[in-house]
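Inspection log for the structure reproduced underneath, given as structure tokens.
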Amino acid sequence: MSVHISGRRLLKLVGALLAVSASAARAASAAPRPLPGLPWSGPSGSSGSVPWNIVVLLTLLTLLPALLVALTPFARLLVVFHFLRQALGTQTAPSNQTLIGLSLVLTYFLMQPVGATIYQTAVVPFEQGHGDALDAVGRGAPPLRHFMLKYAREKDLALFLELAQMPPPARAEDLPMRVVVPAYIVSELKTGFQIGAALFLPFLVIDLVVAAVTTSIGMLQLPPVVISTPLKILLFVMVDGWNLLIGSLMKSFA
């Protein structure tokens, strides 16, 4: 009998809890709630929602690697370092992670003045409420355009002006970014391959000399690369090759 009574009390307790939760759900659905997030206001008083800001931010983050390669000296640096590794014949030393990390550090070193200028001209006014995000992007474009125009070749700029079917502007600063960016990256690739080819030549001479010597003395069973690779590494270390290479690369952006 006691078990039967305790079971009846348990059923009543469960029914009461279900009734309370159902009433709370009806009240929550009846009361309109705003979207979670902090509101922001545009220059004309229009309001938006933080979820849209998050969508835009995530989109920019997905494009960040491509922008890093296209708008900075990262491509030239990485191409030269890969040419150096192929010329030394070390295959995987330094590793890809090491070369990419070194390229990122040097890119930060080169782009820090440009980034500081963009921060002062675009980010600070935006934080102070002067204009919206599009205005900030417009104010931050001229320093970056000036940097890219400094290293973009006129031939590449003329090519993309022709492809875009646009007349040449009176000033280089009036060129749109859709012309400057591809011209800059093509110029950087050409410069990187030029430096890599010049870097390849002395190591190629060592390979040819070693191959000629080993063939002339009849060492046909020993691959020449087994002898030439240590010689190339020894020569690179003796002349302090990393210091010379990075110094020359940094001076090419002066």
Side-chain angles (χ1 to χ4, degrees), residues 65-112 114 147-160 162-163 180-254:
L67 295 177
L68 176 66
V69 174
L71 305 180
T72 65
F74 181 82
R76 182 196 299 193
L77 298 173
L78 194 59
V79 166
V80 172
F81 291 148
H82 277 286
F83 266 105
L84 173 64
R85 188 172 66 181
Q86 293 295 324
L88 288 173
T90 53
Q91 302 299 323
T92 58
S95 63
N96 290 333
Q97 291 82 357
T98 303
L99 296 182
I100 292 173
L102 180 59
S103 301
L104 284 173
V105 172
L106 296 179
T107 300
Y108 169 76
F109 180 84
L110 292 169
M111 295 299 294
Q112 195 275 333
V114 180
F147 173 82
M148 291 189 291
L149 286 174
K150 187 176 180 180
Y151 302 105
R153 300 186 308 161
E154 294 184 1
K155 183 178 181 180
D156 296 326
L157 291 171
L159 170 64
F160 285 99
E162 180 183 356
L163 294 176
V180 176
V181 172
Y184 170 76
I185 188 63
V186 170
S187 300
E188 286 293 284
L189 289 176
K190 177 179 174 59
T191 305
F193 272 77
Q194 287 177 336
I195 298 174
L199 192 64
F200 225 107
L201 291 178
F203 298 107
L204 180 61
V205 171
I206 295 177
D207 286 331
L208 293 175
V209 171
V210 170
V213 171
T214 55
T215 304
S216 62
I217 63 178
M219 298 175 61
L220 301 178
Q221 302 299 325
L222 182 66
V225 69
V226 175
I227 301 176
S228 63
T229 298
L231 292 178
K232 291 187 289 185
I233 295 175
L234 181 62
L235 175 64
F236 188 72
V237 173
M238 288 180 60
V239 300
D240 198 4
W242 285 110
N243 184 280
L244 292 175
L245 176 62
I246 293 178
S248 301
L249 283 174
M250 295 296 101
K251 291 176 183 177
S252 67
F253 289 98

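Keep in mind that what you see is a predicted model, and the values were worked out from it rather than measured. Note that these values count all heavy atoms, side chains included, but never hydrogens, waters or copies made by symmetry.
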Leu110 side, atom CG; Phe74 side, atom CZ - distance, nearest 0.5 Å: 12.5 Å
More than 12 heavy atoms of other residues, nucleotides or ligands under 6.0 Å from CD of Gln194: is that the case? yes
Any donor-acceptor pair under 3.5 Å from Tyr108 side chain to Ser103 backbone: no
Check for a donor-acceptor pair, side chain of Thr98 on one end and backbone N or O of Pro94 on the other, with a separation under 3.5 Å. no
Which atom names give the shortest non-hydrogen contact between Leu71 and Met111, and what distance separates them? O-CE, 4.0 Å
Could you measure the distance from the CZ atom of Phe147 to the OH atom of Tyr184? Nearest 0.5 Å is fine. 4.0 Å
Any non-hydrogen side-chain atom of Val186 less than 4.5 Å from a side-chain atom of Phe160? yes
Which is it for Leu77 and Met250 under the side chain to side chain contact (heavy atoms under 4.5 Å, CB included) test, yes or no, and what are the steps along the way? CA-CA 10 Å; Leu77 298 173; Met250 295 296 101; 4.1 Å; yes
Can you pull out every salt bridge (Lys or Arg N to Asp or Glu O under 4.0 Å) where at least one residue sits in residues 90-103? Sequence neighbours excluded, please. none
Are Arg85 and Phe81 side-chain neighbours, meaning at least one heavy-atom pair lies under 4.5 Å? no
Leu84 side chain reached by Val80 side chain, heavy atoms, under 4.5 Å: no
For Val209, what residues pass the side-chain contact (heavy atoms from CB on, under 4.5 Å) criterion, not counting sequence neighbours? Val205, Val213
Residue pair Ser95 / Thr92, side-chain donor-acceptor N/O under 3.5 Å: no
Are Pro73 and Phe109 packed together at the side-chain level, in the sense that at least one heavy-atom pair is separated by less than 4.5 angstrom? no
Report yes if some heavy atom in the side chain of Leu104 is under 4.5 Å from a heavy atom in the side chain of Leu68; otherwise report no. yes
What heavy-atom pair brings Ser187 and Ala152 nearest, and what distance separates the two atoms? OG-CA, 3.6 Å
Show your reasoning for whether side-chain hydrogen bond (donor to acceptor under 3.5 Å, both in side chains) applies to Arg76 and Ser252. CA-CA 11 Å; Arg76 182 196 299 193; Ser252 67; 3.1 Å; yes
Is the shortest side-chain heavy-atom distance between Thr229 and Leu88 below 4.5 Å? no
Measuring from Asp240:CG to Ile246:CD1, what's the distance to the nearest 0.5 Å? 10.0 Å
Might you work through the side chain to side chain contact (heavy atoms under 4.5 Å, CB included) test for Phe200 and Gln86, ending with a clear yes or no? CA-CA 8 Å; Phe200 225 107; Gln86 293 295 324; 4.0 Å; yes
Could you check whether any side-chain heavy atom of Asn96 comes within less than 4.5 Å of a side-chain heavy atom of His82, counting everything from C-beta outward? yes
Name the orientation class of the two ring planes belonging to Phe83 and Phe193 (parallel below 30°, tilted from 30 to 60°, perpendicular beyond 60°). perpendicular
For Leu102 and Trp242, run side chain to side chain contact (heavy atoms under 4.5 Å, CB included): C-alpha distance rounded to whole Å, both residues' side-chain angles, the deciding distance at 0.1 Å, then the answer. CA-CA 11 Å; Leu102 180 59; Trp242 285 110; 4.2 Å; yes
Interatomic spacing from CG in Leu208 to CZ in Phe203 - rounded to 0.5 Å: 13.5 Å
Can Asp156 and Lys190 be counted as an ion pair, charged N to O under 4.0 angstrom? no
Do Leu235 and Leu231 touch side chain to side chain, with heavy atoms closer than 4.5 Å? no
Show your reasoning for whether ring pair (Phe, Tyr, Trp, His ring centres under 6.0 Å) applies to Tyr151 and Phe253. CA-CA 8 Å; Tyr151 302 105; Phe253 289 98; 5.3 Å; yes
Closest non-hydrogen atom pair between Leu149 and Leu157, with its separation: CD2-CD1, 4.0 Å
Donor-acceptor contact present, side-chain Lys232 to main-chain Ile206, <3.5 Å: no
